[in-house]
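Computed from heavy atoms alone, side chains included, the values below leave out hydrogens, waters and symmetry copies. Keep in mind it's a predicted model, so treat the numbers as computed, not measured.
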Amino acid sequence: MKILAITSCPNGIAHTYMAAENLQKAGAKLGVELKIETQGSIGVENQFTEQDIREADGIIIAADKTVVKDRFVGKKLLVVGVQDGIRRPEELIQQMIKGDVPVYQAQSKSVEDTGENRPKQNPIYRHLMNGVSYMVPFIVIGGLLIAIALTMGGVKTPGGLVIPEDSIWKTIESIGAAAFTFMVPILAGFIAMSIADRPGLAPGMVGGFIAANGSFYGSEAGAGFIGGIIAGFLAGYVALAIKKIKVPRSLQPIMPIIVIPVLASLVVGLIFVFVIGAPVADLFEALTVWLAGMQGTSSILLALILGAMISFDMGGPVNKVAFLFGSAMIGEGNYLIMGQIAVAICVPPIAMGLAAMINKKKFTPAEREAGKATFTMGLFGITEGAIPFAAQDPLRVIPSIMVGSMAGSVIAMFGSVGDSVAHGGPIVAVLGAVDNVLMFFLAVMVGAAVSIIMVSLLKKDVAGVTPAVVGEGAKETPAGVRKELAVDVAAPLAAESAEVAPTVMNNATATEASAIRVEKLTDIVTPDLINLNLVGTTQDAVIDEMIGILERNGAVRADGDFKQAILAREQESSTGIGMNIAIPHGKSDAVLKPSVVFGIQQDGVDWKSLDGSEAKLIFMIAVPRNSKQNAHLKVLQMLSRKLMDDDFREALLAVKTKEEAYQLLDQVH
């Protein structure tokens, strides 16, 4: 079966590619041929060919902005939000496999129109975010060009920085100002396009232009971004209503290019000019004046609210509302609002990245490694970088980053930090778009410090073995993090070998045996140490059964305390690493020579594995307490790496004789 998928989020940064990655993994797991087209901020990547579409059995669109569907007419089409692509990729593919997906038809009530496949997604939010995603680049262009022009070509005067009229920097500033003029029309146009597809684009942009130019309805200020949003929705639904009118077949070809755009533009323009333009302009002007006049406790409250909203859902609807508000204020010449938002945007990823790298007791090795990428994302103002940590421990992480962002936002407010670009993070300060750079960095550092302290106090110490990677479900261990799993498993035993001082054993044979050089698993495994039919039905019973095998083969003294060492290790954290695997291990004076006993319990035993799976493949590692070569660590690492191979695990479970098992274990090196 061949399935195509498209992923796209409003900003086209993190969620677009997270959804693509999870869908790709799910497709590989389910044995489905899957090609994914990403529509991110850098454009369309891995674009489908006509042959791809022709051969496809169905298409999945996981997006929070409009994706043009004309090329998928006649194909089964499943439309969901980008979060569904991240959180439930297997379920989406299974739904496509079962065929429980409608066929997309042109000029009809499509999947998107009915909303039958979007029960959890607000269409109003989706349409709004589609407009925002196309608007943001224009704000970034305008803000950066104006900031660069002022920084490089501005001359200090009593009235502030002024760019000489005959300077090249004045031309650059004018180009930036021109980019700003597109902000509201683009917002309105792509909101309308999200609602009515291409026929809505032109009416939306016309309505947005009228909203931004108060001269049409006798207002100096214009209706601003609020008017643009109203114009976009009005144009979209008017165009959609006209689309649904049944017309003769002869008129159908000209409907989307002439009739719908002209009629919708006329309706929206007249309504805006004669009915809603002036009232909305007055409202927007009053809002701008109120914000500009906020002082004292009122401005503190605004900073707290903005900081909390930005970090609450890290790129979600609440975050986007605050971001859109700050972006609109840039267009009105008020940079202070975005200055506070710019700080709040980068605090969560920077704080979680630093916390993971600094506080080893609270984060697993895999999380600490992921923290480096999260910190880097914070430097570039990508709040979504903190999502994996929040998803892993929301009740502790989200309050911590919210308080940190609120603290940073308030400091930015007191420090009069301004940001002329609709973006956040240190990158905008480096590019010269931030006023009061010193206070900006102070606000970021204080906000991050507050979050780090809070999360360190709230989070519990991690267990010794954590096979799940940050941001992924505990039941799934992607191939890309299998190396980290091996490190996670080996780390606790490494600590044990460092903490336990060697003791002198009376048995000289044990001392000599502990010096065995281990290059592969079969150096310390013999066919006699293999049991393919363990009968124990509990963890304790299986441990006794496997220790009995060691005793009968002279690897462990019967009167020793090896079982206590095994149980003590299990008390620290379960050695059930998931995927039906358990690797109990211990160091004891009762162990006469390094050995590994391998057993299979076909029905599985509850080993308290972190992914909830029952242990079927069980490897017990026995090590003399005075072992100096730490050969057991090498065994543990070899096993961990090899057991990540799905085919190898399945082959082990299918063996019929000890000789077959021994030959497979000989591959572990």
If I take atom CD1 from residue I124 and atom CD1 from residue I229, how far apart are they, to the nearest 0.5 angstrom? 11.5 Å

I need the I168 CD1 to I172 CD1 distance, nearest 0.5 Å. 5.5 Å

So, for G232 and I195, which heavy atoms are closest and what is the spacing to 0.1 Å? O-CD1, 4.3 Å

What orientation do F233 and H127 show, parallel under 30°, tilted 30 to 60°, or perpendicular over 60°? perpendicular

Considering residues at least two apart in sequence or located in another chain, which fulfil the side chain to side chain donor-acceptor pair (under 3.5 Å) criterion with R198? none

Under 3.5 Å, side chain of S409 to main-chain N/O of A303, donor-acceptor pair present? yes

Do L304 and V410 make a side-chain contact, defined as non-hydrogen atoms from C-beta onward lying under 4.5 Å apart? yes

Within the side chain of S265, is there an N or O that forms a donor-acceptor pair under 3.5 Å with the backbone of P261? yes

Under a 3.5 Å distance rule, please check whether S405 uses its side chain to pair with a backbone N or O of I401 as donor and acceptor. yes

Output a table of donor-acceptor pairs, distance under 3.5 Å, between side-chain atoms of residues 441-456 and any protein atom two or more places apart or on a different chain; print 'none' if there are none.
from: S451; atom 1: OG; to: S400; atom 2: O; distance (Å): 2.9
from: S451; atom 1: OG; to: G447; atom 2: O; distance (Å): 3.4
from: S456; atom 1: OG; to: N359; atom 2: ND2; distance (Å): 3.2
from: S456; atom 1: OG; to: I452; atom 2: O; distance (Å): 2.7

For residues K69 and V79, determine if any side-chain heavy atom of one lies less than 4.5 Å from a side-chain heavy atom of the other. yes

Among residues at least two apart in sequence or on other chains, which ones pass side chain to side chain donor-acceptor pair (under 3.5 Å) with E173? K170

Between N22 and P89, is there a donor-acceptor pair closer than 3.5 Å when you use the side chain of the first and the backbone of the second? no

F182: ring pair (Phe, Tyr, Trp, His ring centres under 6.0 Å) partners, not counting sequence neighbours: F138

Return yes if some donor-acceptor pair links the side-chain N/O of D64 with the main-chain N/O of G81 below 3.5 Å, else return no. no

Can you list everything that forms a side chain to side chain contact (heavy atoms under 4.5 Å, CB included) with L266? Sequence neighbours excluded, please. L270

Would you say Y217 and F272 make side-chain contact, with heavy atoms under 4.5 Å? yes

When the side chains of residues 343-356 are checked against the rest of the protein, which donor-acceptor pairs come out under 3.5 Å, sequence neighbours left out?
none

Which heavy atom of G153 sits nearest a heavy atom of W169, and at what distance? CA-CD1, 3.3 Å

Within the distance-only criterion (no hydrogens, no angle test), does the side chain of T181 pair as donor or acceptor with the backbone N or O of A178 below 3.5 angstrom? yes

Considering residues at least two apart in sequence or located in another chain, which fulfil the side chain to side chain contact (heavy atoms under 4.5 Å, CB included) criterion with I271? L234, V267, V275, I276

Would you say L201 and M205 make side-chain contact, with heavy atoms under 4.5 Å? yes

Across all chains, not counting sequence neighbours, the side chain to side chain contact (heavy atoms under 4.5 Å, CB included) partners of Q83 are H15, I86, R87

For a quick test of reading the model, state the closest non-hydrogen atom pair linking V82 to S8 and the distance between them. CB-O, 3.8 Å

Evaluate V417 against L336 for side-chain contact (heavy atoms from CB on, under 4.5 Å), listing each step before the verdict. CA-CA 6 Å; V417 174; L336 296 180; over 6 Å; no

Please examine the side chains of N130 and I191, heavy atoms only from C-beta on, and report whether any two atoms are closer than 4.5 Å. no

Rounded to the nearest 0.5 Å, what separates atom CG in D419 from atom CD1 in I337? 11.5 Å

Take F190 and M193 through the side-chain contact (heavy atoms from CB on, under 4.5 Å) test and state the conclusion after the steps. CA-CA 5 Å; F190 283 95; M193 184 176 176; 3.8 Å; yes

Quick one, D461 and K362 - any side-chain contact, counting heavy atoms below 4.5 Å? yes

Does a side-chain heavy-atom distance below 4.5 Å link L187 with M183? no

Measure the spacing between CG of L302 and CE of M413 and express it to the nearest 0.5 Å. 8.5 Å

With a 4.5 Å cut-off on side-chain heavy atoms, are M338 and F323 touching? yes

So CG of D84 and CD1 of I61: to nearest 0.5 Å the spacing works out to 13.5 Å

side-chain contact (heavy atoms from CB on, under 4.5 Å) assessment of T7 paired with L23: CA-CA 9 Å; T7 63; L23 281 166; 3.8 Å; yes

Please find the pair of heavy atoms, one from A192 and one from G200, that lie closest to each other, and give the distance. CB-O, 3.1 Å

For the residue pair I341 and G326, what are the closest heavy atoms and their distance? CD1-CA, 3.7 Å

Listed partners of F440 passing ring pair (Phe, Tyr, Trp, His ring centres under 6.0 Å), at least two apart: none

Results of side chain to side chain contact (heavy atoms under 4.5 Å, CB included) for A188 - residues two or more places apart only: A231

Apply side-chain contact (heavy atoms from CB on, under 4.5 Å) to I36 and E21, showing your working. CA-CA 9 Å; I36 300 178; E21 183 178 356; over 6 Å; no

Side chains of Q39 and E37: any donor to acceptor distance under 3.5 Å? yes

Please name the pair of heavy atoms, one in A429 and one in V437, separated by the smallest distance, quoted to 0.1 Å. CB-CG1, 4.3 Å

